[in-house]
Amino acid sequence: ANEIPSKIEQQTNFSGKVKHVGGVAFTMQEDMDWTQSFVPQDFEQDAPYKQWKSQQPEGLQTIFQFKSSAELARSQIEELLSAALKKLSIDTVAEEFADHGDGSLFIASWSEGNVVVLWDGKDNVGLNLFTYEERVVFANNFSAAFTQTGLLESALRDEMPRGHGRVVNLRKDLEPRRDPHFVYGMAN
């Protein structure tokens with residue numbers, strides 16, 4: 001266990017201390033034969049490595065779900081979105097689609113991204129924010145501006161990279177492009 005912090009220190013020039021390692025508690029099986037162990041090189045790594053190299057992140061998508069303790073009105077959702085856009089100096093107008101169901105769908109688009117707000121007609125609001133730049137601070141600020149009146153409480157937040165090439169990593173996690181740990185020792 002002590003070799004992990006020393007490897008991290010060697011690769012990053014940061015020092016650290018492992019205080020706790022949590023995980024699965026193995027049930028002891030008296031008759032289990034632990035004669036084999038495996039390392040990444042024991043598995044086919046070409047497909048994962050090709051996927052890793054093919055990723056081209058293009059932006060950040062942040063999904064929020066908000067809940068209200070009281071039933072909301074369409075005008076309140078529209079005001080919350082307009083106020084958030086204004087507070088963040090985003091010069092655009094949201095378009096509303098309200099011809100199906102009890103709620104509304106609002107869409108606003110600008111050169112750096114877009115936002116989609118879905119209201120269920122009662123007390124649930126979903127907000128889908130996409131930005132071409134991976135700025136978590138911007139998403140935080142948008143959420144804070146959208147909820148500044150206190151009408152809504154955050155129930156869920158999820159962030160994910162968007163792009164092409166089966167992207168699963170943010171650009172900041174890929175740049176500078178280096179081989180991932182699982183290909184070390186692999187014959188390229």
Side-chain angles (χ1 to χ4, degrees), residues 12 14 16 19-24 48 51-178 180-181:
T12 65
F14 288 108
K19 292 183 178 182
H20 173 75
V21 177
V24 176
Q51 182 275 326
W52 174 267
K53 290 187 349 182
S54 74
Q55 295 182 81
Q56 298 300 321
E58 299 293 340
L60 176 67
Q61 180 181 22
T62 309
I63 307 286
F64 300 94
Q65 286 183 355
F66 302 105
K67 188 111 175 117
S68 175
S69 58
E71 198 165 296
L72 301 165
R74 184 205 63 76
S75 60
Q76 290 174 299
I77 306 302
E78 185 176 32
E79 289 169 18
L80 291 173
L81 180 56
S82 294
L85 293 167
K86 184 177 180 180
K87 184 167 186 164
L88 294 170
S89 303
I90 299 170
D91 188 23
T92 189
V93 177
E95 189 173 347
E96 181 184 9
F97 301 87
D99 41 358
H100 297 292
D102 295 330
S104 291
L105 175 73
F106 297 88
I107 300 174
S109 185
W110 63 99
S111 60
E112 292 88 21
N114 60 65
V115 63
V116 176
V117 177
L118 179 63
W119 170 56
D120 71 351
K122 294 183 181 148
D123 58 358
N124 292 299
V125 178
L127 190 147
N128 183 336
L129 177 67
F130 172 81
T131 54
Y132 289 102
E133 287 191 36
E134 296 173 354
R135 295 185 305 156
V136 173
V137 171
F138 180 81
N140 293 343
N141 292 341
F142 200 101
S143 174
F146 189 74
T147 60
Q148 70 183 345
T149 63
L151 286 173
L152 297 172
E153 189 175 306
S154 180
L156 173 121
R157 177 188 176 129
D158 198 5
E159 298 171 356
M160 60 218 80
R162 288 293 179 241
H164 53 91
R166 295 172 50 204
V167 64
V168 294
N169 294 92
L170 297 169
R171 182 178 290 116
K172 70 180 180 79
D173 297 329
L174 293 172
E175 303 295 340
R177 293 283 176 139
R178 287 181 271 195
H181 69 88

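No experiment lies behind these values; they were computed from the predicted model shown.
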Is there a donor-acceptor contact under 3.5 Å linking the side chains of Asn169 and Asp173? no
Whether over 12 other heavy atoms sit under 6.0 Å from Asp99 CG: yes
Can Gln61 and Arg162 be counted as having a side-chain donor-acceptor contact under 3.5 angstrom? yes
Would Leu127 and Ile63 satisfy side-chain contact (heavy atoms from CB on, under 4.5 Å), going step by step from the backbone distance to the final call? CA-CA 6 Å; Leu127 190 147; Ile63 307 286; over 6 Å; no
Scanning both residues in full, the closest heavy-atom pair of Ala94 with Phe106 reads CB-CB, 4.5 Å
Shortest non-hydrogen contact from Leu152 toward Ser68: CD2-CB, 4.0 Å
Stepwise side-chain hydrogen bond (donor to acceptor under 3.5 Å, both in side chains) check, Glu112 with Thr131: CA-CA 6 Å; Glu112 292 88 21; Thr131 54; over 6 Å; no
Output for pair (Leu88 CG, Phe138 CZ), nearest 0.5 Å, gives 5.0 Å
Give me the atom names and distance for the closest heavy-atom approach of Ala73 to Trp119. C-CH2, 3.7 Å
Residues forming a salt bridge (charged side-chain N to carboxylate O under 4.0 Å, His left out) with Lys67, sequence neighbours excluded: Asp123
Could you report the tightest heavy-atom contact between Phe66 and Ser154, atom names first, then the distance? CD2-CA, 3.7 Å
Between Val115 and Asn128, does the side-chain contact (heavy atoms from CB on, under 4.5 Å) criterion hold? Intermediate values first, please. CA-CA 6 Å; Val115 63; Asn128 183 336; over 6 Å; no
Minimum-distance pair of heavy atoms, taken over all atoms of Phe146 and Leu81: CE1-N, 3.7 Å
Do the non-hydrogen side-chain atoms of Ile107 and Asn114 ever get within less than 4.5 Å of each other? no
Spatial distance of atom NZ (Lys53) from atom CD (Gln51) [nearest 0.5 Å]: 12.0 Å
Pairwise distance CG(Leu105) to CG(Asp120) - rounded to 0.5 angstrom: 12.5 Å
Side-chain heavy atoms of Phe64 within contact of Asp158, under 4.5 Å: no
Taking Ala139's backbone N and O only, do any of them form a donor-acceptor pair with Ser143's side chain (distance below 3.5 Å, no angle check)? no
If the test is side-chain hydrogen bond (donor to acceptor under 3.5 Å, both in side chains), which one of Arg178, Arg177, Lys172, Arg171 qualifies with Glu175? Arg177
Output for pair (Leu151 CG, Thr149 OG1), nearest 0.5 Å, gives 3.5 Å
Take atom CG in Asp102; do more than 12 heavy atoms of anything else shown fall under 6.0 Å from it? no
With sequence neighbours left out, write down each residue that passes salt bridge (charged side-chain N to carboxylate O under 4.0 Å, His left out) with Arg157, or none if nothing qualifies. Glu159
In this structure, CD of Glu134 is separated from OG1 of Thr62 (nearest 0.5 Å) by 10.0 Å
Interatomic spacing from CD in Glu79 to OG in Ser75 - rounded to 0.5 Å: 5.0 Å
Counting only N and O atoms by type, is there a donor-acceptor contact under 3.5 Å from the side chain of Ser104 to the main-chain atoms of Ala98? no
Show the numbers, then the answer: is there a side-chain contact (heavy atoms from CB on, under 4.5 Å) between Leu85 and Val93? CA-CA 8 Å; Leu85 293 167; Val93 177; over 6 Å; no
Report, as yes or no, whether the 6.0 Å neighbourhood of atom CZ on Phe97 holds more than 12 heavy atoms from other residues, nucleotides or ligands. yes
Show your reasoning for whether side-chain contact (heavy atoms from CB on, under 4.5 Å) applies to His164 and Gln55. CA-CA 6 Å; His164 53 91; Gln55 295 182 81; over 6 Å; no
Please report the shortest heavy-atom distance between Phe130 and Glu58, naming the atom on each side. CZ-O, 4.2 Å
